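Let me begin by presenting the structure, written as structure tokens, before commenting on it.
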Amino acid sequence: QVQLVESGGGLVQPGGSLRLSCVASGFTFSSYPMSWYRQAPGKERELVAAISSTGRDTNYADFVKGRFTISRDNVKNTVYLRMNSLKPEDTAVYYCKRSGEYWGQGTQVTVSS
């Protein structure tokens, strides 16, 4: 069965950095595009970034362009989200997603001084 397990969240000060990881299993990882979403309290879940199956193509929500980088390692079956220059408004639960409505359990990111 498809499993997606995120890690790397935590509490960070404004301006700080975090790297999220999502380890995938139960499917041929290298065949699927992957994406990161986030959901803040009281808000709808929103797309943050997406990456093609090969990693060659990426796209980002405007609110993270220039600060976040999505990447993947098809040997380790892992997709990453490097987050720099974090802002309080980046506080949310971050989810890894594969097409077909497969989601991880989420990892909490809190940006606060």
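Owing to the predicted nature of the structure, the values given are computational and were not obtained by experimental measurement.
- When side chains are defined from C-beta on, Val23 does not count as touching Gln3, because their heavy atoms never get closer than 4.5 Å.
- Tyr32 meets the side chain to side chain contact (heavy atoms under 4.5 Å, CB included) test with Phe27, Arg98, Ser99; sequence neighbours excluded.
- Listed by chain and number, the residues in a side chain to side chain contact (heavy atoms under 4.5 Å, CB included) with Ser35 are Tyr37, Leu47, Ala50, Lys97 (sequence neighbours excluded).
- Hydrophobic clustering (ILVMFWY, side-chain heavy atoms < 4.5 Å, transitive): Trp36 and Val93 are in distinct clusters.
- The two atoms that bring Leu4 and Ala24 nearest to each other are CD2-CB, 3.7 Å, heavy atoms only.
- In this structure a side-chain-to-backbone donor-acceptor pair under 3.5 Å is missing from Asn77 to Cys22.
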Test side chain to side chain contact (heavy atoms under 4.5 Å, CB included) applied to Ser21 and Glu6, step by step: CA-CA 5 Å; Ser21 300; Glu6 302 97 334; over 6 Å; no
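- For the pair Tyr102 and Gln1, the minimum side-chain heavy-atom distance is 4.5 Å or more.
- Taken together through direct or relayed side-chain contacts under 4.5 Å among Ile, Leu, Val, Met, Phe, Trp and Tyr, Val2 and Phe29 form part of one hydrophobic cluster.
- The distance from the CE atom of Met34 to the OG1 atom of Thr58 is 15.0 Å, given to the nearest 0.5 Å.
- No continuous path of hydrophobic side-chain contacts links Phe68 to Tyr95 [ILVMFWY only; heavy atoms under 4.5 Å].
- Listed by first and then second residue, the salt bridge (charged side-chain N to carboxylate O under 4.0 Å, His left out) pairs that reach into residues 68-88 come to none, sequence neighbours excluded.
- Ser17 approaches Ser85 most closely through the heavy-atom pair OG-N, 4.4 Å.
- Counting only residues at least two apart or in different chains, ring pair (Phe, Tyr, Trp, His ring centres under 6.0 Å) contacts with residues 74-93 are absent.
- Here the side chain of Thr28 pairs no donor or acceptor atom with the backbone of Ser30 at under 3.5 angstrom.
- Applying the 4.5 Å side-chain rule to ILVMFWY residues, one finds that Val75 remains a lone member of its cluster.
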Side chain to side chain contact (heavy atoms under 4.5 Å, CB included), that's the test. Do Gln39 and Glu46 meet it? Break it down for me. CA-CA 6 Å; Gln39 188 166 22; Glu46 59 186 358; over 6 Å; no
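- To the nearest 0.5 angstrom, Arg38 atom CZ is 12.0 Å from Gln108 atom CD.
- Atom NZ of Lys65 sits about 8.0 Å away from atom CG of Asn59, to the nearest 0.5 Å.
- No single ILVMFWY cluster, assembled from side-chain heavy atoms under 4.5 Å apart, contains both Trp103 and Ile70.
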Side chain to side chain contact (heavy atoms under 4.5 Å, CB included) evaluation trace for Val48 with Leu81: CA-CA 9 Å; Val48 175; Leu81 186 68; 4.2 Å; yes
Yes or no on side chain to side chain contact (heavy atoms under 4.5 Å, CB included) for Ser112 and Leu11, after CA distance, side-chain angles and deciding distance? CA-CA 7 Å; Ser112 175; Leu11 173 64; 4.2 Å; yes
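- With a 6.0 Å radius and a threshold of 12 heavy atoms from other residues, nucleotides or ligands, Glu89 has its CD atom above the threshold.
- In this structure Val111 satisfies the side chain to side chain contact (heavy atoms under 4.5 Å, CB included) test together with Val12, Pro14, Leu86, Pro88, Asp90, Thr91, Val109, sequence neighbours excluded.
- Taken from CG in Asn84 to CG in Leu18, the straight-line distance is 9.5 Å, to the nearest 0.5 Å.
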